[in-house]
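This report concerns only the one structure given below.
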Amino acid sequence: MAIERQKFLEILRESYCAYYNIVDMEAPCDIPLVFRADYFSRSEKYWLDKKNVIWGNETNEYAYIFSAPEFTKELVEKCTDFALNDGLPRVKPHKEHQYTNVKVIFIADRLDEKEVKPMMKREFTKSYKFSFHGFTNLLSGAVALDTQEIFTNRAGHGLASFFKKLFAVREEKT
């Protein structure tokens, strides 16, 4: 059963609102960006006093959600390039930085596997000071709402279970 794209985007936005900061940002007119979701996490352990930090760990993520009736190879590559060009300058590596991921999500009414194949094959990894100051990965995922098919790149395979849960939430709400 096909899901209405706008309804699915509302469910997606609600799920990201729990832990992410939602940023409605302007994109070039040829890029169908809906919103960006920013996640920041810091953990640390201290001894006796908060001034005596033993260790600290930061993990961040920038998720870019794109929505269109269909995506072409060119549009997929353009959106991915936009997300990387916008997300990488936001990375602030330091000795307590573990990782900052750039997540690209495509929501479409229908998808042809040939059109999203470049997204599935595209990988990006960058380490900072030989990974002593963390790294950045590109996680990509695409959802075809008419067939509820999910496509991901190798690093973004965890997105498949996330989208399956969203489909289940959508079915519970109806």
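Values in this document were obtained by computation on a predicted structure and should not be read as measured data.
Partners of Glu70 according to the side chain to side chain contact (heavy atoms under 4.5 Å, CB included) rule, which considers only residues two or more places apart in sequence or in another chain, are Arg110. Asp112 pairs by the side-chain hydrogen bond (donor to acceptor under 3.5 Å, both in side chains) definition with nothing, not counting sequence neighbours. Residues meeting the salt bridge (charged side-chain N to carboxylate O under 4.0 Å, His left out) test with Glu77, sequence neighbours left out: none. Scanning for ring pair (Phe, Tyr, Trp, His ring centres under 6.0 Å) contacts around Tyr19 gives an empty result, with sequence neighbours left out. Contacts of Tyr46 classified as ring pair (Phe, Tyr, Trp, His ring centres under 6.0 Å), with partners at least two apart in sequence or in another chain: none. For Glu26, there are no side chain to side chain contact (heavy atoms under 4.5 Å, CB included) partners at least two apart in sequence or on another chain. Shown here are the salt bridge (charged side-chain N to carboxylate O under 4.0 Å, His left out) partners of Glu58, two or more places apart in sequence or in another chain: Arg42.
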Validation: residues 28-39 side-chain donor-acceptor distances under 3.5 Å, sequence neighbours left out:
residue : atom : partner : partner atom : Å
Asp30   : OD2  : Lys78   : NZ           : 2.8
Arg36   : NE   : Asp38   : OD1          : 2.7
Arg36   : NE   : Asp38   : OD2          : 3.4
Arg36   : NH2  : Asp38   : OD2          : 2.8

Under 3.5 Å, side-chain donor or acceptor atoms of residues 122-130 against the rest of the protein: list the pairs with distances, not counting sequence neighbours.
residue : atom : partner : partner atom : Å
Arg122  : NH1  : Asp81   : OD1          : 2.9
Arg122  : NH2  : Asp81   : OD1          : 2.7
Thr125  : OG1  : Asn137  : OD1          : 3.0
Tyr128  : OH   : Thr136  : OG1          : 2.8

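Through chains of ILVMFWY side-chain contacts below 4.5 Å, Tyr99 is grouped with Phe135. Grouped with Val53 in a hydrophobic cluster is no other residue, since no side-chain heavy-atom contact under 4.5 Å to another Ile, Leu, Val, Met, Phe, Trp or Tyr is found.
For residues 50-69, the ring-ring contact (aromatic ring centres under 6.0 Å, His included) pairs, not counting sequence neighbours, are Phe40-Tyr62, Phe66-Phe106.
Here the NE2-OG distance, from His157 to Ser140, works out to 13.5 Å after rounding to the nearest 0.5 Å. Of the inter-residue distances, the one linking Ile65 atom CD1 with Ile105 atom CD1 reads 4.0 Å to the nearest 0.5 angstrom.
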